[in-house]
Amino acid sequence: SEASRFSKNGWSKLTIAALTFLMVFFALLQAPNRFQILYWRSAMSTHFAPLVFMPFLAAFILKVITESEAKSAPFWKYVLGFFIAFIIGGFSEPTVAVMITLLALAFAATWKWMSPSTRSTALKMIGWSLAGAVLALLIMGLAPANYYRVSLGKEPPTIFFLVIRSFQYGLNFIDNSFRTLPLPTLFTVAMPFFMFYNMYASPTSTLTESQRKLARTMLIVIPVLSYLLIVASFAPSVYGQSFPVERARFAGQVSFVAGLMIEGALLGSLLAQWRPAAFEKMPLKLASAVLLAVAAFYPLRAGWLALNDIPDYRTRAEAWDTRVIQ
């Protein structure tokens with residue numbers, strides 16, 4: 001909702017709710033291990049919980065920037081942004097790495113492209129939040145467990161090895177997602193595509209030339225950004241000299257799903273602007289609405305199939321409780 005206000009797109013509440021539900025659904029559907037991520041308490045509190053809270057931090061930052069047009073925000077809001085980022089960043093290394101990457105890129109983009117009327121407030125808000133996230137990472141990096149690992153002879157990798165292996169693992173993860181989850185990946189792109197095609201198809205709405213140029217640019221930028229976030233989330237595991245375990249890959253999975261959904265929305269918006277004379281009399285808007293309705297059956301089917309995991313999860317939970325009691 002705040003992103004819609006900030007970008008002045010004015011999406012309806014129904015559209016925002018649909019996009020939110022789709023993103024949550026596809027992220028959980030394609031999660032590497034739902035039991036670990038959702039029901040294993042030690043993993044849920046470190047790898048799942050911060051991804052729930054991070055959007056609220058993003059909404060807070062955007063709200064402060066939007067409401068501070070041509071004036072500086074109160075100082076306490078900057079401090080609050082620092083404190084929230086510090087707390088969220090302290091949950092786990094993969095999620096704080098994603099947060100630092102996002103905030104650093106947002107800071108650079110704000111510095112270069114934001115209008116002068118809001119640039120100062122935006123830079124301060126993002127900068128304070130970035131400082132809180134970096135401090136959280138530094139504290140985790142200086143934790144006694146790291147010294148203990150080094151004392152056992154497990155020296156951290158070199159910077160060159162860390163960077164190369166992180167990018168390699170990121171590519172492996174994306175390739176594996178396309179090969180093992182082709183249908184969920186297809187629908188992750190298709191449903192936002194149909195939604196936005198229907199929103200921007202004639203005669204509903206027409207994008208300006210500047211908006212089209214921005215959309216075409218974002219088609220290239222979003223896959224790169226999604227890949228960088230996946231790499232960032234994998235880097236802490238590479239620092240520990242391993243491919244991320246299933247629960248530690250969830251931050252990368254969320255970044256991947258978000259990237260696919262944005263790509264689908266951009267493609268739908270741009271294709272809706274392509275209106276050759278031969279298509280003028282064709283009910284393309286109606287066709288996209290029908291295809292979206294048909295595609296909506298897939299989440300229902302996938303959700304029903306996911307219910308089959310409940311007995312296994314229940315058995316694991318009982319075994320866990322028995323272990324705790326003993």
Side-chain angles (χ1 to χ4, degrees), residues 1-31 34 37-38 44 48-67 84 88 95 98-99 102 106 181 183-201 204-207 211 214-215 218 222 225-226 229 250-251 253-272 284-307:
S1 179
E2 289 298 330
S4 177
R5 287 181 56 200
F6 178 78
S7 60
K8 297 180 174 61
N9 280 308
W11 298 331
S12 68
K13 292 182 179 179
L14 183 61
T15 298
I16 293 169
L19 291 172
T20 302
F21 285 127
L22 284 174
M23 182 172 176
V24 171
F25 172 79
F26 281 116
L28 292 177
L29 177 66
Q30 300 173 65
R34 281 195 296 274
I37 293 166
L38 286 176
M44 182 272 290
F48 178 76
L51 293 174
V52 176
F53 296 131
M54 280 169 60
F56 290 95
L57 173 61
F60 174 65
I61 292 174
L62 290 174
K63 185 176 181 65
V64 171
I65 296 172
T66 303
E67 294 180 348
I84 295 174
I88 296 175
T95 48
V98 169
M99 190 159 62
L102 275 173
L181 298 168
L183 201 58
T185 300
L186 174 64
F187 278 92
T188 302
V189 178
M191 296 196 70
F193 173 87
F194 291 132
M195 284 180 60
F196 277 76
Y197 185 92
N198 196 54
M199 285 169 57
Y200 289 98
T204 304
S205 179
T206 301
L207 297 177
Q211 289 174 324
L214 177 60
M218 294 304 293
I222 291 300
L225 176 59
S226 180
L229 294 178
F250 189 55
Q253 188 68 60
V254 172
S255 301
F256 184 59
V257 167
L260 290 175
M261 288 188 62
I262 296 172
E263 284 289 285
L266 291 170
L267 286 170
S269 302
L270 286 173
L271 190 60
L284 295 179
K285 188 178 177 69
L286 175 62
S288 69
V290 172
L291 288 173
L292 177 60
V294 173
F297 282 98
Y298 175 76
L300 297 176
R301 173 183 175 275
W304 178 260
L305 293 176
L307 292 176

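- Shown here for M199 and T15, the closest heavy-atom pair between the two residues is SD-CG2, 3.8 Å.
- Proximity of I61 to E2: side-chain heavy atoms (C-beta onward) are nowhere separated by under 4.5 Å.
- None of T20, I16, L62 except one satisfies the side-chain contact (heavy atoms from CB on, under 4.5 Å) rule with S1; the exception is I16.
- Within the 3.5 Å criterion, the main-chain N or O of L28 finds a donor-acceptor partner in the side chain of R34.
- Among residues two or more places apart in sequence or in another chain, the ring pair (Phe, Tyr, Trp, His ring centres under 6.0 Å) test is passed with Y298 by F187.
- Within the 4.5 Å cutoff, no side-chain heavy atoms of V189 are placed close to those of M261.
- The closest side-chain heavy-atom distance from V24 to F21 is not below 4.5 Å.
- Summarising the geometry of Q253 relative to A27, their closest heavy-atom pair is CG-O, 4.2 Å, with the distance given to 0.1 Å.
- Checking Q211 against S269 by side-chain atom types alone, no donor-acceptor pair falls below 3.5 Å.
- Between atom CG of residue L267 and atom OH of residue Y197 there is a gap of 12.5 Å, rounded to the nearest 0.5 Å.
- The CD1 atom of I262 sits 10.0 Å away from atom CG of L19, with the distance rounded to the nearest 0.5 Å.
- Under the 4.5 Å side-chain criterion, counting only non-hydrogen atoms from C-beta, F193 is in contact with L271.
- Taking every heavy atom of both residues into account, T95 and A251 meet most closely at CG2-CB, 4.3 Å.
- Minimum heavy-atom separation, V98 to M54: CG1-CE, 4.1 Å.
- Judged purely by atom type and a 3.5 angstrom limit, T188 uses its side chain to pair as donor or acceptor with the backbone of P184.
- Partners of F196 according to the ring pair (Phe, Tyr, Trp, His ring centres under 6.0 Å) rule, which considers only residues two or more places apart in sequence or in another chain, are W11.
- Side chain of S226 to main chain of S255: a donor-acceptor pair is present (N/O by atom type, distance under 3.5 Å, no hydrogens or angles).
- Of all non-hydrogen atoms in R5 and K63, the two that sit nearest each other are NH1-NZ, 3.8 Å.
- Nearest approach of I222 to E263, heavy atoms of both residues: CB-OE2, 3.5 Å.
- In this structure, P299 and M191 have side chains that are in contact, with non-hydrogen atoms separated by less than 4.5 Å.
- The side-chain heavy atoms of W304 and R301, taken from C-beta on, include no pair separated by under 4.5 Å.
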